[in-house]
Amino acid sequence: MTDKEDMSKQDENTIIAERRAKLKELRELGEAFPNQFKPGDFARDLHASYGKLEKGALEEKAILVTVAGRMMLKRVMGKASFATLQDTTGRIQLYVARDNINSEKTPELYAQFKKWDLGDILGAKGKLFKTNTGELTLEVNEIILLTKSLRPLPEKFHGLSDQEIKYRQRYVDLIVNEETRDTFKKRSKILSCIREYMLQHQFLEVETPMLHPIPGGASAKPFMTHHNALDMDMYLRIAPELYLKRLVVGGFDRVFEINRNFRNEGLSVRHNPEFTMMEFYAAYTDYEWLMDFTEKCIQKVAEETTGSKKVTYQGKEIDFSKKFDRLTLVQAILKYSDKFTEHELLDSDFLRAAIKKLGDDVNASAGLGSLQLSLFELVAEEHLWQPTFIVDYPIEVSPLARASSTNSDITERFELFIAGREIANGFSELNDAEDQAKRFKAQVAAKEAGDEEAMYFDADFIRALEYGMPPTGGCGIGIDRLVMLVTDSPSIRDVIFFPHMRPE
RNA sequence: GGGGUGUUAGCUCAGCUGGUAGAGCACCGGACUUUUAAUCCGUUGGUCGCGCGUUCGAUCCGCGCACACCCUACCA
C-alpha cells in the first residue's frame, strides 16, 4: 500500500464502512453503476414552466418528466417518502410511494430506496403534481440508483462552513453551498460578458506563451522551471504584455488575452500565486481612450452580471453608474491627506521623511517618482472606494509606458482603483525602440543593484519594436478581483475553484 | 517574514477553578402514504490537530511543531 492510499484509509469511519457494505450489496444485486438512464428535464425548467400552475390544472395535464441528480434531503414516512433531488440547475422534490414503484419486476424496490443515502445520485421518472402545501413534486413511478455515494455530506441545515474544507474539497462546497455555485456561475458570466464586449469592438482573442525564456511585462518575482529537451531554464509568465505587443507589431491591431499570470510572491486575501488577467492592446489609441473603454467594460460587467449599476461590496456600496473619477497621483495624495502641500510632494527628502514617519521603509535608491507612489499607497489607495482612475504615474516606475508629451517625468498611464484596490492598469505604450532599450538597461542596473523585481533586457522585444509598432494603448484588468467585487467575496480564494494551500 | 485567533464525532457546535467527553444533524434499528431543517422512540459513533513537559491525574496549564483563518509586510 502506498502512503497516499494509506492516508485515504485514515479518515474512514463507520458511516463510510456502512456505505461500502451497501455498495457491496448493490454489486451482488447486479450492475452497481448503471449509465443507461438519460434525464430529459431540469429542475429549474420544471419550476419555470409548471411552478405557477394550480394543483388541479397540473394534474389534468399529466406531465411526465425524467430527472436525475443528487439526493440532498429524504423524509421517509413508512410506505411513502419525499426526497429532494438536486441537479445542475436546482432542486425538485420527489414523492416516492411504495405502491407506485414496486412491480412484479422490482417487488423490493421501495425497501431498497429506503436504504439509499443522502448524497446518492438517482434518476427518476414520473408525473408532476402539487402537494397540499403547493410544492411542485414528481410522483415517481420509476426510480434508479445511478451512483452510490460513499462519503456522508455535511450537515443539511448548517452546511459546510469550514473555510479550509471549502477550499481543499471544493467539490463538497459546490454540492452543499448554493452561494458557492452562484459565485462561480457569475465568474463564468463575467468572462463571457467581457469576451462579448471585446469581440464587439473588433478585438481578436489570442494566446501567447505561458513558458517564457525571459520573464517580462511586469515587475514581479517569477516561478522557475526547466525544459529538459532544450536543457534550458524557463519562467512561468508574470505577464503576457511583451508578446501581445509583438502581435501588434505583426499587424494585429486589436488583440486581447484572458489567461493566467504566475507570481512567486506572498499569498493574501487579494493575492493567489496564479491569477487571471485580461490584457488588451489597441493600435492607434492612447491611455485616454483606454480609460473610457475600460470604464464602459466594467460598467457593462457590473450591470449585466448583477442586474444593477450599484453593487454592495462588504457592506459598502460601489456606484458604477457615474463617470469614474480621475485624479493625478499627487492630487489623490492631497485629497486624502491634509498634511502635505503640493510643493512638498516634489521634494524627495521631504517625501522620504514623510514615508518613514508613516512607518514604512524607504528604499535608499528610490527617486521622486517611486517616493510619490509609496506615499500614495500609504495615504490614498485604501480610500479609493468608488471607481477612480489615478493618472500621471512617474516614469521611474513605468518602464514600458510612453512618457507624457508635456512632462518627461511622468507617463501616459493610469491605474483603476475600486474598493481600495487596484483593478486595472493601462497606458499609452512606449513604441520608441531606442527609448525602450534605454529603459531596459536602467532596469538591468536596478536588478544588479539588488532589486529582485526589476525587469530583464528582452533583446527580441527591442528587435520587434525596431520594425515599428504603431502608437498603441494597452491595459490589464485583474479578473479575480473584478469577480470578487461583483460577487461580494472577501477573499480571492472564494473566486478561484482550487486556491493554493499547503499540503494537508 | 511578524502578530492575533483557532483546531473536540462525518458536519455544525457546547464543554465550569485540571477529575480521561456532550448536543443537534447524519448513520443504524423501530412507528408513520402529502412531508419539506418531517416528526416520535431507541442505539452507534471520539488517540479532544501532533509531540514533549508540569501534575496522583491534562480537551483544559506550559513549551515546541503542523495546518487554517484574520491583520501586517512584498505584490495585482
Side-chain angles (χ1 to χ4, degrees), chain A residues 10-19 21-22 55 72-84 91-101 110 114-115 117-119 129-137 139 149-169 172 175-176 217-221 238-239 261-279 359-361 363 374 377-378 381 415-417 421-425 451-453 476-482 484 490-494 499 501-504:
Chain A
Q10 278 178 7
D11 65 340
E12 291 272 359
N13 58 43
T14 49
I15 297 178
I16 295 176
E18 279 161 6
R19 291 190 177 201
K22 287 180 183 178
K55 190 172 162 73
M72 301 304 290
L73 294 168
K74 190 184 175 197
R75 296 173 287 281
V76 177
M77 300 165 305
K79 298 176 193 66
S81 303
F82 286 94
T84 302
R91 291 181 170 195
I92 183 81
Q93 182 170 259
L94 307 181
Y95 177 70
V96 184
R98 182 193 65 186
D99 299 342
N100 291 340
I101 64 165
Y110 187 71
K114 285 209 279 188
K115 285 197 246 170
D117 293 298
L118 295 188
F129 78 109
K130 281 213 167 165
T131 61
N132 292 340
T133 48
E135 179 160 350
L136 188 69
T137 303
E139 187 176 17
S149 169
L150 296 174
R151 289 179 179 268
L153 290 177
E155 202 241 359
K156 64 187 175 190
F157 186 59
H158 297 93
L160 179 67
S161 57
D162 185 313
Q163 285 292 351
E164 187 175 352
I165 301 176
K166 278 163 69 76
Y167 297 149
R168 287 194 197 275
Q169 297 178 247
V172 179
I175 291 169
V176 297
S219 301
K221 288 175 220 153
I238 55 175
N261 289 346
F262 304 86
R263 299 192 183 173
N264 205 342
E265 289 161 354
L267 290 83
S268 81
V269 285
R270 289 179 289 281
H271 300 87
N272 195 59
E274 54 180 303
F275 61 100
T276 301
M277 181 100 132
M278 172 169 80
E279 282 201 16
D360 226 32
D361 292 335
N363 189 327
S374 298
E377 285 168 358
L378 285 169
E381 185 170 349
E415 287 195 358
L416 172 62
F417 291 86
R421 334 183 150 145
E422 186 187 338
I423 297 295
N425 173 21
D451 182 352
E452 275 187 273
E453 293 177 3
I477 298 177
I479 299 297
D480 310 282
R481 288 187 178 180
L482 185 59
M484 286 170 70
S491 170
I492 196 168
R493 295 182 155 191
D494 298 322
M501 312 273 284
R502 286 197 174 82
E504 286 178 71

Would you say whether A:Phe82 stacks on B:A38? The test is a distance between ring centres of less than 5.5 Å and an angle between planes of less than 30°. no

Check every atom of B:A68, B:C71, B:A76 against the side chain of A:Val269 and return the nucleotide holding the closest atom. B:C71

Euclidean distance, atom OH of residue A:Tyr167 to atom P of B:C67 [Å, nearest integer]: 18 Å

Which part of the nucleic acid, if any, lies within reach of A:Lys22 when heavy atoms closer than 4.0 Å are counted: base, sugar-phosphate only, or nothing? sugar-phosphate

Assess whether one donor atom and one acceptor atom, taken from the side chain of A:Glu164 and the base of B:U7, lie less than 3.5 Å apart. no

What class does the angle between the rings of A:Phe129 and A:Tyr95 fall in, given that below 30° is parallel, 30 to 60° is tilted and above 60° is perpendicular? perpendicular

Is there a side-chain polar atom (N or O) of A:Ser161 under 4.0 Å from OP1 or OP2 of B:U12? yes

Measure the distance from NZ on A:Lys79 to P on B:U34 and round it to the nearest whole Å. 11 Å

Atom C1', compared across B:G49 and B:G6: separation rounded to whole Å: 11 Å

Counterpart base for B:C50, defined by Watson-Crick or G-U wobble contacts under 3.5 Å: B:G64

Applying a 3.5 Å limit to both distances, which nucleotide forms a Watson-Crick or G-U wobble pair with B:U35? none

Roughly how many Å apart are B:U7 and B:A14, using the C1' atom of each and rounding to a whole number? 15 Å

Rounded C1' spacing from B:C48 to B:C13 in Å: 14 Å

Choosing from B:A37, B:G10, B:U34, which nucleotide comes nearest the side chain of A:Leu73? B:A37

Answer for the Watson-Crick or wobble partner of B:G19, both distances under 3.5 Å, is B:C56

Measure CZ/A:Phe417 against P/B:A76 and give the value in whole Å, please. 10 Å

In the structure shown, which nucleotide is the Watson-Crick or G-U wobble counterpart of B:G1, with both distances under 3.5 Å? B:U72

Which of these nucleotides, B:C11, B:C74, B:C70, is closest to any side-chain atom of A:Glu265? B:C74

Please identify each residue that fulfils side chain to side chain donor-acceptor pair (under 3.5 Å) with A:Glu422, with sequence neighbours left out. none

Whole-Å C1' distance, B:G15 and B:G30: 32 Å

Between A:Arg493 and B:A68, does any side-chain N or O lie under 4.0 Å from OP1 or OP2? no

Does any N or O in the side chain of A:Asp494 come within less than 3.5 Å of the main-chain N or O of A:Ser491, such that one atom is a donor and the other an acceptor? yes

Any donor-acceptor pair under 3.5 Å from A:Arg263 side chain to A:Ile238 backbone: yes

How would you label the contact of A:Asn425 with the nucleic acid (heavy atoms, under 4.0 Å): base, sugar-phosphate, or nothing? nothing

Complement of B:A9, any strand, by Watson-Crick or G-U distances under 3.5 angstrom: none

Taking atom P of B:C74 as reference, at what distance in whole Å does atom CD of A:Glu381 sit? 11 Å

Round to a whole Å and report the spacing from CD1 of A:Ile479 to P of B:A76. 16 Å

Is A:Gly159 touching bases, backbone alone, or none of the nucleic acid, heavy atoms closer than 4.0 Å? sugar-phosphate

Under 4.0 angstrom, heavy atoms only, what part of the nucleic acid is A:Met277 near: base, sugar-phosphate, or nothing? nothing

So does A:Lys22 get a backbone contact from the side chain of A:Lys115, meaning a donor-acceptor N/O pair under 3.5 Å? no

Would you tell me whether A:Ser81 and A:Tyr110 have side-chain atoms, one donor and one acceptor, within less than 3.5 Å of each other? yes

Under 4.0 angstrom, heavy atoms only, what part of the nucleic acid is A:Asn272 near: base, sugar-phosphate, or nothing? base

Close side-chain approach of A:Phe275 to A:Phe262, heavy-atom, < 4.5 Å: no

Does A:Arg75 put a side-chain nitrogen or oxygen below 4.0 Å from OP1 or OP2 of B:A38? yes

With the side chain of A:Pro152 defined as its heavy atoms from C-beta on, choose the nearest nucleotide among B:C32, B:A26, B:U34. B:A26

Between atom CG in A:Leu267 and atom P in B:G1, what is the gap in whole Å? 11 Å

Taking any heavy-atom pair under 4.0 Å as a contact, classify A:Ile165: base, sugar-phosphate, or nothing. sugar-phosphate

So which nucleotide does B:U44 pair with, by the Watson-Crick or G-U wobble rule with both distances under 3.5 Å? none

Donor-acceptor contact below 3.5 Å, side chain A:Gln169 vs main chain A:Val172: no

Check every strand shown and say whether A:Ile238 touches a base, only sugar-phosphate, or nothing at a heavy-atom separation below 4.0 Å. nothing

For B:G62 and B:U47, measure between their P atoms and round to the nearest Å. 25 Å

In whole Å, I'd like the distance from the CZ atom of A:Arg151 to the P atom of B:A9. 16 Å

Whole-Å P distance, B:C63 and B:U54: 15 Å

Between B:A37 and B:C11, how far apart are the C1' atoms? Round to whole Å, please. 14 Å

RNA chain B: 5'-proximal contact among A:Ala97 and A:Met501 (nearest heavy atom): A:Ala97

Sequence neighbours excluded, which residues qualify as side chain to side chain contact (heavy atoms under 4.5 Å, CB included) partners of A:Leu150? A:Arg19, A:Arg20, A:Leu23, A:Lys148

Inter-nucleotide C1' distance (B:G46, B:A23), Å rounded: 14 Å

Would you mind reading off the distance between A:Tyr95 atom OH and B:C32 atom C1', rounded to a whole angstrom? 12 Å

Counting the atoms with a prime plus P, OP1 and OP2 as sugar-phosphate, which does A:Gly266 contact under 4.0 Å by heavy atoms, base, sugar-phosphate, or nothing? base

How long is the gap from CD on A:Glu452 to CD on A:Glu265, to the nearest 0.5 Å? 9.5 Å

What I want to check is whether the side chains of A:Gln93 and A:Thr137 have a donor and an acceptor closer together than 3.5 Å. yes

Of all the nucleotides listed (B:C11, B:A76, B:A73), which has the minimum atom distance to the side chain of A:Arg263? B:A76

Using a heavy-atom cut-off of 4.0 Å across all strands, would you classify A:Asp162 as base, sugar-phosphate, or nothing? sugar-phosphate

Assuming nearest nucleotide by heavy-atom distance, tell me which of A:Arg98 and A:Glu135 is located more 5' along RNA chain B. A:Arg98

CG of A:Leu136 to CD1 of A:Ile92: how many Å apart, nearest 0.5 Å? 4.5 Å

Which protein N or O atoms sit under 3.5 Å from an N or O of nucleotides 22-25 of chain B?
from: B:C25; atom 1: O3'; to: A:Lys156; atom 2: NZ; distance (Å): 3.3

Side-chain N or O of A:Arg502 closer than 4.0 Å to phosphate OP1/OP2 of B:A68: yes

Given B:C28, B:C70, B:C74, identify the nucleotide with an atom nearest to the side chain of A:Glu453. B:C74

